[in-house]
Student: 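First the structure, then my questions, so here it is.
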Amino acid sequence: MLEAKLDAASQLKKIVEAIRDMLGECNIECNETGLALQSLDKSHIVLVSLLLGSDGFSEYRCDRGVTLGLNINSLATVLRCANNDDILTLRSEDRANELILTFEDSKADRISEFNLRLMDIDQEYLAIPETEYAATVVMSAAVLQRTLRDLSALSEAVTIEIDKEGIRFSAEGDLGKGSTHFKPCVDMENAENSINITLSEPVSLSFNLQYFSNITKASSLSSTVTLQMTAGMPAQIEYKLPSGHVRYYFAPKIED
Amino acid sequence: RASQSTIGAFFKKP
């Protein structure tokens, strides 16, 4: 069986909000090390990989592997019934057909319980290759989100160029073109505003901005985001969690 | 012209 407790329901609410627009139904695999999810979005452009280590829970118990086949939007609907600071418990018996969620306020004078029906989902898993990326950029998650939102007014695609001078985002559409360039920098007072670039060779890739905008909904999970790119390969975009991560593998646009 | 690729073109089933 699975029994996992979080001190604040907001932790799971934010994670689910970060993936719900891309994923429909998917399996969450639970074992003694924690919860994991790997799923393609409906268009197969983004692969979402979520890891929630058992250390990230205030209490965690899972003696035997459990697969939770869930509709992510149904999970989001139920989670909306929890207050952000409620204590959240997830429970599922071995081979059960439901996930039980309880929400308690800190004084434990209100307890809500919801049972979510589980589904048998025949899901494809892909092998994510171990890769040394040509360029790695760590930057503010909010700044990345803002930059992409601005450029989406111009075009449906963004080109990202990374070289030793910095990272450049550009877009071109019917009304004209625009770009934002960030130089590597260290902000001693607000470390999350630093821009750190590690590079073995310059890279330029283009991406669909609508999907990118869905990815950056994870910005509430972490102050920084790690963007990794290699020419002609999907980008890896990672938001770190206290114990785990949400990673997106994002297929680029390729010149014909 | 650029066309959108899919993840399946890069990552294979194990």
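A, B, ... follow the sequence lines: proteins, then strands. Residue 1 opens every chain. Given the structure is predicted, the values throughout are model-derived calculations rather than measurements.
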Student: What part of K12(B) is in contact with chain A, defined as an atom under 4.5 angstrom from a non-hydrogen atom: side chain, backbone, both or neither?
Tutor: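 For K12(B), the backbone is the part near chain A, not the side chain.
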
Student: A side-chain contact here means heavy atoms from C-beta on lying under 4.5 Å apart; do C62(A) and Y60(A) qualify?
Tutor: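 They are in contact (side-chain heavy atoms under 4.5 Å apart), so the answer is yes.
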
Student: Relative to chain B, which segment of E255(A) carries a heavy atom at a distance below 4.5 Å: side chain, backbone, both, or neither?
Tutor: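 For E255(A), the contact with chain B is made by backbone and side chain together.
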
Student: Would you check if there is a donor-acceptor pair between the side chains of T198(A) and Y133(A) at a distance under 3.5 Å?
Tutor: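 Not at all, the side chains of Y133(A) and T198(A) share no donor-acceptor pair under 3.5 Å.
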
Student: Sort by residue number and list every member of residues 226-248 of chain A having a non-hydrogen atom under 4.5 Å from chain B.
Tutor: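 Answer by number: G232(A), M233(A), P234(A).
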
Student: Quick one: does M119(A)'s side chain get under 4.5 Å of N71(A)'s, heavy atoms only?
Tutor: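 Yes, at least one pair of side-chain atoms sits under 4.5 Å.
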
Student: Compare all side-chain heavy atoms of L126(A) with those of F10(B) and state whether any distance is below 4.5 angstrom.
Tutor: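 Of all side-chain heavy-atom pairs linking F10(B) with L126(A), none is under 4.5 Å.
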
Student: Given side chains that start at C-beta, do those of H44(A) and I7(B) come closer than 4.5 Å, heavy atoms only?
Tutor: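 No, too far: nothing below the 4.5 Å cut-off.
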
Student: At under 4.5 Å between heavy atoms, what parts of residues 151-181 of chain A are in contact with chain B? List them by residue number.
Tutor: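 Interface residues of residues 151-181 of chain A: none, nothing closer than 4.5 Å to chain B.
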
Student: Going through the checks in order, is the side-chain contact (heavy atoms from CB on, under 4.5 Å) test met by I215(A) and M22(A)?
Tutor: CA-CA 8 Å; I215(A) 289 170; M22(A) 274 180 279; 4.1 Å; yes

Student: Decide if atom NZ of K42(A) counts as having more than 12 heavy atoms of other residues, nucleotides or ligands within a radius under 6.0 Å.
Tutor: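 Buried by this count: over 12 neighbours within 6.0 Å.
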
Student: Check whether any side-chain heavy atom of R20(A) sits under 4.5 Å from a side-chain heavy atom of E17(A), and report yes or no.
Tutor: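 Yes - at least one pair of side-chain heavy atoms lies under 4.5 Å apart.
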
Student: Could you tell me which portion of L47(A) (side chain, backbone, both or neither) has an atom closer than 4.5 angstrom to a non-hydrogen atom of chain B?
Tutor: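 Both backbone and side chain.
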
Student: Hey, are the side chains of T77(A) and L79(A) touching, using non-hydrogen atoms and a 4.5 Å cut-off?
Tutor: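 They are not in side-chain contact.
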
Student: Measure F250(A) against the heavy atoms of chain B and call it side chain, backbone, both or neither at under 4.5 Å.
Tutor: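 The backbone, not the side chain.
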
Student: Indicate yes or no: at least one non-hydrogen side-chain atom of L37(A) is less than 4.5 angstrom from one of S49(A).
Tutor: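 Of all side-chain heavy-atom pairs linking S49(A) with L37(A), none is under 4.5 Å.
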
Student: Is there a donor in the side chain of Y125(A) and an acceptor in the side chain of E29(A), or the other way round, less than 3.5 Å apart?
Tutor: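 The answer is yes; a qualifying pair exists.
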
